[in-house]
Amino acid sequence: MATYIPSPRDWVREQVELYESSGGTKGTTLRDTGLPCILFTHTGNKTGAVRKTPLMRVKDGDSYVLVGSVGGAPQDPVWVHNLRANPDIELRDCTEVWPMRVREVTDAAERARLWALAVAAFPPYDDYQKKTTRRIPVFVASPR
Ligand code: F42
């Protein structure tokens with residue numbers, strides 16, 4: 001069984017620990033914004049380690065939209081590289097956990113539709129995209 005390596009970012013590691021240890025009843029929102037988050041488990045593409053990443057919850061039917069924004073930083077989050085290498089994840093939305101498969105969104109029309117859903121769920125995504133020249137990567141996670 002691969003080892004879990006927590007995020008080096010304290011607030012992220014703490015949210016993951018609270019989210020999971022409470023069985024998805026605590027730590028399920030972005031700090032005090034009340035906006036819902038999901039948590040997904042993925043495989044490190046270099047270490048093979050278990051990695052866990054909270055993201056804002058953006059739903060599209062029974063699929064979820066994963067947005068690699070990191071606040072509009074100049075670099076993609078490294079979980080993007082993990083998903084490109086290993087598309088099988090586990091996604092937790094509060095008390096429910098599903099095995100899912102991700103695919104990166106490349107079609108412009110599909111991206112526009114999903115981006116609108118993402119911004120509706122979390123308006124700062126729009127500011128983040130304006131802040132950086134990189135095209136924020138978007139993935140769809142669907143039940144496998
Ligand atoms: N980030 C977003 O991008 N979008 C969101 O909507 C979002 C919401 C959110 C809500 C709550 C919360 O607590 C955090 C939230 N975040 C959101 C932040 C998110 O959880 C991640 O912290 C952020 O996206 C950065 O992801 P990252 O994968 O770049 O994390 C870095 C800091 C990290 O963990 N680095 C590790 C390290 O040691 O430096 C390595 C992690 C890793 O996966 N390593 C790979 C491996 O093989 O193990 C190799 C990766 C490679 O190819 O280099």
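Read the numbers this way: they start at 1 and go in the same order the structure lists the ligands and their atoms. Below, all heavy atoms of this structure are taken into account, side chains as well, without hydrogens, waters or symmetry copies. If you're wondering where the values come from, they're calculated on a predicted model, not measured in any experiment.
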Write out the residue and atom name of the closest protein heavy atom to atom 49 (C) of ligand 1, then the distance separating them to 0.1 Å. Asn45 ND2, 3.7 Å
Are any of the N/O atoms on Pro8, whether in the backbone or the side chain, positioned under 3.5 angstrom from an N/O atom of ligand 1? no
Is Glu14 salt-bridged to Arg9, going by a charged N under 4.0 Å from an acidic O? no
For atom 48 (O) of ligand 1, grab the closest protein heavy atom and report residue, atom and distance to one decimal in Å. Thr47 OG1, 2.6 Å
Starting from atom 3 (O) of ligand 1, find the nearest protein heavy-atom neighbour and note its residue, name and distance. Val70 N, 2.9 Å
Nearest option to atom 27 (P) of ligand 1, as decided by whichever heavy atom of Asn86, Val78, Leu55, Leu18 sits closest: Val78
Taking N or O atoms only and a 3.5 Å limit, does Ser69 qualify as a polar contact for ligand 1? yes
Under 3.5 Å donor-acceptor, Asn86 side chain and Thr43 backbone: yes
Among protein heavy atoms, which sits nearest to atom 16 (N) of ligand 1, and what does the distance come to when rounded to 0.1 Å? Pro54 O, 3.4 Å
Pick from Arg51, His42, Lys46: which one makes a side chain to side chain donor-acceptor pair (under 3.5 Å) with Asn82? His42
Which of the atoms in ligand 1, numbered in the order shown and given with their element, are less than 4.0 Å from a heavy-atom of His81? 51 (C), 52 (O)
Nearest non-hydrogen protein atom, atom 26 (O) of ligand 1: Trp79 CD1, 3.2 Å
Per-atom filter on ligand 1: closer than 4.0 angstrom to a heavy atom of Val12 are 20 (O), 22 (O)
With heavy atoms and a 4.0 Å threshold, my read on which part of Leu30 contacts ligand 1 is side chain
Between Arg135 and Asp76, the two heavy atoms sitting closest are O-OD1, 4.3 Å
Look only at the side chain of Gln15 and the backbone of Thr29, and say whether a donor-acceptor pair between them is shorter than 3.5 Å. yes
Heavy-atom donor-acceptor pair, Thr28 side chain to Gly24 backbone, under 3.5 Å: no
Just need the protein heavy atom nearest to atom 21 (C) of ligand 1, so name the residue and atom and give the distance. Thr53 CG2, 4.0 Å
For ligand 1, which atoms have a heavy atom of Trp11 less than 4.0 angstrom away? 13 (O)
Can you list the atoms of ligand 1 that are under 4.0 Å from a heavy atom of Arg9? 22 (O), 23 (C), 25 (C), 32 (C)
Where's the contact between Arg51 and ligand 1, heavy-atom distance under 4.0 Å: side chain, backbone, both or neither? side chain
Only one of Leu91, Val67, Leu66 clears side-chain contact (heavy atoms from CB on, under 4.5 Å) with Leu55; which? Leu66
Is Val67 touching ligand 1 with its side chain, its backbone, both, or neither, if touching means heavy atoms under 4.0 Å apart? backbone
Select one of side chain, backbone, both or neither to describe which atoms of Phe122 lie under 4.0 Å from any atom of ligand 1, heavy atoms only. neither
Please identify which atoms of ligand 1 are closer than 4.0 Å to at least one heavy atom of Gly68. 3 (O)
Over 60° means perpendicular and under 30° means parallel, so tell me whether Trp98 and Tyr64 are parallel, tilted or perpendicular. tilted
How far is atom 51 (C) of ligand 1 from its nearest protein heavy atom, and which residue and atom name does that atom have? Lys46 NZ, 3.3 Å
Is there a polar contact, in the sense of an N or O pair closer than 3.5 Å, between Ala49 and ligand 1? no
For ligand 1, which atoms sit closer than 4.0 Å to a heavy atom of Tyr125? 5 (C), 6 (O)
Taking every non-hydrogen atom, the tightest pair across Cys37 and Asp93: O-OD1, 4.5 Å
Is the NZ atom of Lys26 crowded by more than 12 outside heavy atoms at less than 6.0 Å? no
On the six-membered ring of Tyr4, is Lys52 placed so that its NZ or CZ lies under 6.0 angstrom from the centre and within 45° of the ring axis? yes
N or O pair under 3.5 Å between Asn82 and ligand 1: yes
Select one of side chain, backbone, both or neither to describe which atoms of Gln15 lie under 4.0 Å from any atom of ligand 1, heavy atoms only. side chain
